[in-house]
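Just below is one structure, and these are the notes that go with it.
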Amino acid sequence: MIAGKTGTAQESAQKPDHALFVGYAPAQEPEIAIAVRIVNGYGSSYATAAGRDIFDVYFGDLDEQSEKREN
């Protein structure tokens, strides 16, 4: 299980918001902590997806998780 927090930060009305995600895993006994910031990334869902991919690579689940998302 992953523990994390998402957010968006507004720079100006003329530019898209910045996308943010910070998290750690496993939630009970953390091994890894990450912070993702996507400049002008519109919304936190994009940063969360990038964070999920980082955790998948770290824990060796990338191929397995990709297959689940495709189905």
| query | I2 and F55: side chain to side chain contact (heavy atoms under 4.5 Å, CB included), yes or no, with the steps? | reply | CA-CA 9 Å; I2 295 169; F55 286 125; 3.5 Å; yes
Name each donor-acceptor pair under 3.5 Å that joins a side chain in residues 21-39 to protein atoms two or more places apart or in another chain, with its distance.
unit_1: E31; atom_1: OE1; unit_2: Y58; atom_2: OH; d: 3.4

| Nearest-0.5 Å distance, CG of residue L20 to OG1 of residue T6 | 8.5 Å
| Closest non-hydrogen atom pair, G7 against S44 |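 Scanning both residues, the minimum pair turns out to be O-CB, 3.4 Å.
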| query | Between G43 and A19, what is the shortest heavy-atom contact and its length? | reply |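 The pair with the smallest heavy-atom distance is O-CB, 3.0 Å.
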| Pairing residues for K15 by the salt bridge (charged side-chain N to carboxylate O under 4.0 Å, His left out) criterion, not counting sequence neighbours |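 Salt bridge (charged side-chain N to carboxylate O under 4.0 Å, His left out) list for K15, sorted by chain: E11.
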| task | Answer yes or no: is there a donor N or O on one side and an acceptor on the other, between the side chain of H18 and the main chain of N40, under 3.5 Å? | result | yes
